[in-house]
Each structure stands twice: as structure tokens, then as C-alpha cells.
Amino acid sequence: MRHEKRPRSVWWLVLGITSFSVFAWFVNSFEPISASKLALFFILICVSSFWTLLYLFNNVRRSVLLSLGATTYLLLRYLNLREPLYLILLLACLTSLELLLSKK
């Protein structure tokens, strides 16, 4: 039994490019001196990567996992948690979540 592939929506790419442009405007316009601006920075990164990855993979689950993983990695880097073990643990968590949520 084969699954039919859903066609990719061009609107996902449009939303991805638009959100990256909003992110670039935000980075160029504001300094990250307050917690609210810093939180908005990470939210914009997550949303931008979600729409772009949704267009690339055409799979909501993988897009959410990868965008949250990339945002978590950048948050760890911001907090100066740069040990390689953190990256390995993050990849292990994302892989185990993908295997848990996949339908096999």
C-alpha cells in the first residue's frame, strides 16, 4: 500500500521567506538588551525555520522537531553550554522522538 504524496504548497515557502525577512529586520533594528526581545528572537528563528523546513520536507512532524532542535541548540549556545555532549544528547532526543512518533 503506497501513500500518496501531498503536493508542496508554495505558501509555505512564501511564509518561510517572509518570516526570515521579518527576522532579518528584527536583528538589524533592535539590540538584544531585554528578555522580551531575546525571547522574540528565538521565536522568530523557530517560526522561520519551521516554515522553511515544512516546505523542504513536506512533513509537519519533522519540521517541528528540527526547528525546535535548532532553536534549542542556539539557546544552548547563547547560555554558553558549548560542550559536545549537549549536542549529542539533543540529537539523541530528537532521533528518539522521531522514532517514537513515526507510524510503523
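- The cluster map of Ile, Leu, Val, Met, Phe, Trp and Tyr, joined by side-chain heavy atoms under 4.5 Å apart, puts Phe41 and Leu74 in the same cluster.
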Inset, instruction - Could you give me the CA-CA distance, side-chain angles and deciding distance for Thr71 and Leu75, then say whether side chain to side chain contact (heavy atoms under 4.5 Å, CB included) is met? - result: CA-CA 6 Å; Thr71 305; Leu75 186 62; 5.6 Å; no
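- Taken to the nearest 0.5 Å, the OG1 atom of Thr72 stands 7.5 Å off from the CG atom of Leu94.
- Here the closest non-hydrogen pair linking Ser9 and Tyr55 is O-CD1, 3.4 Å.
- Here the closest non-hydrogen pair linking Arg8 and Leu56 is NH2-O, 2.7 Å.
- Taking 4.5 Å as the limit, every side-chain heavy atom of Ser19 sits out of range of all side-chain heavy atoms of Leu44.
- The shortest side-chain heavy-atom distance between Glu98 and Arg62 falls under the 4.5 Å cut-off.
- When side chains are defined from C-beta on, Leu91 counts as touching Leu87, because their heavy atoms get closer than 4.5 Å.
- Between the Ser63 side chain and the Leu53 main chain, a donor and an acceptor come within less than 3.5 Å of each other.
- Rounding to the nearest 0.5 Å gives a distance of 6.5 Å between CG of Leu90 and SG of Cys93.
- Less than 6.0 angstrom separates the ring centroid of Trp25 from the ring centroid of Phe30.
- For the atom pair Ile17 CD1 and Ser48 OG, the distance stands at 11.0 Å (nearest 0.5 Å).
- Evaluation of the ring pair (Phe, Tyr, Trp, His ring centres under 6.0 Å) test over residues 59-90, restricted to residues two or more places apart or in two chains, returns none.
- Shown here are the ring pair (Phe, Tyr, Trp, His ring centres under 6.0 Å) partners of Phe20, two or more places apart in sequence or in another chain: there are none.
- The side-chain contact (heavy atoms from CB on, under 4.5 Å) test applied to Thr95 returns Leu99, not counting sequence neighbours.
- Residues Leu40 and Leu79 fall within the same hydrophobic cluster, defined by Ile, Leu, Val, Met, Phe, Trp and Tyr side chains chained together at heavy-atom separations under 4.5 Å.
- In this structure, Phe23 is not a member of the same hydrophobic cluster as Val14, with clusters built from ILVMFWY side-chain heavy atoms closer than 4.5 Å.
- Taking both residues in full, the closest heavy atoms of Ser49 and Ser67 are given as OG-CB, 3.1 Å, listed atom of the first, atom of the second, then distance.
- Val47 and Val27 are members of different hydrophobic clusters when ILVMFWY side chains are connected at heavy-atom separations under 4.5 Å.
- For the pair Arg77 (side chain) and Arg82 (backbone), a donor-acceptor distance under 3.5 Å is absent.
- At least one donor-acceptor pair under 3.5 Å links the side chain of Ser21 to the backbone N or O of Thr18.
- Annotation: the span from Leu66 atom CG to Arg61 atom CZ amounts to 10.5 Å, rounded to 0.5 Å.
- Cluster membership for Val64 and Leu13, using ILVMFWY side-chain heavy atoms within less than 4.5 angstrom, is shared.
- Between the side chain of Ser29 and the backbone N or O of Phe26 there is no donor-acceptor pair closer than 3.5 Å.
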